[in-house]
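The structure under discussion appears below in the form of structure tokens.
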Amino acid sequence: MANVTFTSPKLSRDVTVYAVAGARGTLLELAKEHKVPIPFDCQDGECGSCLVEVSILSKTPRAISLTEKEKEVLKQIGKISTVEVANAEVNDMPPHYRLACQYIVRDEDIIVKFEGDESTP
Ligand code: FES
């Protein structure tokens with residue numbers, strides 16, 4: 001069981017939801033299921049609309065792997081460096097910024113921040 005806490009200026013208060021262990025949905029799907037208004041457009045890792053900042057609370061992070069599309073878009077919008085990509089791939093250090101439509105929720109507690117500005121990025 002994982003606690004996923006969404007925080008944003010767009011929410012009147014933080015929203016914590018429970019992701020069922022073993023479910024392999026995306027963060028965006030989880031947000032939509034709970035009516036958390038993370039902006040999105042393509043839902044396919046190409047537009048960058050669903051940018052979120054993720055803090056993983058467990059000591060051994062699991063949701064580290066980035067899809068190729070996610071890497072490319074995050075680089076294009078300046079939200080990930082080459083060093084951060086290498087750290088994710090080699091040292092299992094999760095990057096701060098992610099695309100909610102590409103992020104697979106794992107069995108770990110996370111805090112997800114988003115701006116909620118439809119024009120971002
Ligand atoms: Fe387009 Fe996630 S909705 S990248």
Side-chain angles (χ1 to χ4, degrees):
M1 190 78 94
N3 286 339
V4 177
T5 300
F6 294 97
T7 182
S8 168
K10 245 192 159 178
L11 298 170
S12 55
R13 59 187 163 82
D14 292 355
V15 175
T16 299
V17 302
Y18 306 98
V20 179
R24 286 287 181 256
T26 66
L27 194 50
L28 182 59
E29 287 166 354
L30 185 70
K32 287 163 70 178
E33 192 180 314
H34 293 276
K35 312 240 180 300
V36 174
I38 291 179
F40 63 89
D41 187 5
C42 72
Q43 300 185 68
D44 193 28
E46 292 182 349
C47 71
S49 302
C50 63
L51 181 72
V52 293
E53 190 175 353
V54 177
S55 303
I56 298 178
L57 302 179
S58 63
K59 288 193 172 89
T60 51
R62 295 178 182 181
I64 300 164
S65 57
L66 298 140
T67 64
E68 288 304 317
K69 284 180 181 178
E70 186 176 16
K71 269 187 264 184
E72 201 48 50
V73 170
L74 289 173
K75 275 186 203 168
Q76 281 172 14
I77 61 177
K79 293 297 184 184
I80 197 167
S81 67
T82 308
V83 171
E84 284 176 298
V85 170
N87 275 336
E89 292 176 343
V90 180
N91 301 322
D92 290 342
M93 289 172 58
H96 291 298
Y97 289 97
R98 302 295 300 262
L99 298 179
C101 72
Q102 299 293 292
Y103 185 108
I104 303 296
V105 178
R106 304 289 184 194
D107 187 15
E108 62 189 347
D109 295 348
I110 58 175
I111 297 174
V112 180
K113 287 186 199 166
F114 64 99
E115 291 300 319
D117 179 352
E118 306 295 337
S119 64
T120 301

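Order of listing sets the numbers, starting from 1, for every ligand and every atom in it. Everything numeric in this text was worked out from a predicted model, so none of it was measured. Quick note: numbers below take in every heavy atom, side chains included, and nothing from hydrogens, waters or symmetry partners.
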Against ligand 1, does Val73 come closer than 4.0 Å with any heavy atom?
no

Which residue and non-hydrogen atom of the protein lie closest to atom 4 (S) of ligand 1, and at what distance in Å?
Gly48 N, 3.2 Å

Within 4.0 Å of some non-hydrogen atom of Gly45, the atoms of ligand 1 are 4 (S)

Distance under 4.0 Å to a non-hydrogen atom of Glu46: what atoms of ligand 1 satisfy this?
4 (S)

Nearest 0.5 Å please: distance from the CZ atom of Phe40 over to the CG atom of Leu27.
13.0 Å

Gap between atom CD1 of Ile77 and atom SG of Cys47 - 0.5 Å precision:
9.0 Å

Tell me the contacting part of Gln102 for ligand 1: side chain, backbone, both, or neither, using a 4.0 Å heavy-atom threshold, strictly below.
neither

Between Cys50 and atom 1 (Fe) of ligand 1, is there a contact where an N/O/S atom of the residue lies under 2.8 Å from the metal?
no

Going by the atom numbers of ligand 1, which of them fall below 4.0 Å from some non-hydrogen atom of Cys42?
1 (Fe), 3 (S), 4 (S)

His34, NE2: over 12 other non-hydrogen atoms inside 6.0 angstrom:
yes

At a 4.0 Å threshold, what atoms of ligand 1 neighbour a non-hydrogen atom of Gln43?
1 (Fe), 3 (S)

Distance filter under 4.0 Å to Cys101 heavy atoms, resulting ligand 1 atoms
2 (Fe), 3 (S), 4 (S)

Does this structure show an ion pair linking Lys71 with Glu68, if we count only N-O contacts that are shorter than 4.0 Å?
yes

Nearest 0.5 angstrom please: Arg98 CZ to Lys79 NZ, how far?
15.0 Å

Any non-hydrogen side-chain atom of Ile80 less than 4.5 Å from a side-chain atom of Leu66?
yes

Is a side-chain donor or acceptor of Ser49 paired with a backbone partner of Pro39 at a separation under 3.5 angstrom?
no

Would you indicate whether Lys113, at its atom NZ, is surrounded by more than 12 heavy atoms from other residues, nucleotides or ligands within a distance under 6.0 Å?
no

Atom indices of ligand 1, in the order listed, that fall short of 4.0 Å to a heavy atom of Asp41:
3 (S)

Those atoms of ligand 1 less than 4.0 Å from some heavy atom in Cys47
1 (Fe), 3 (S), 4 (S)

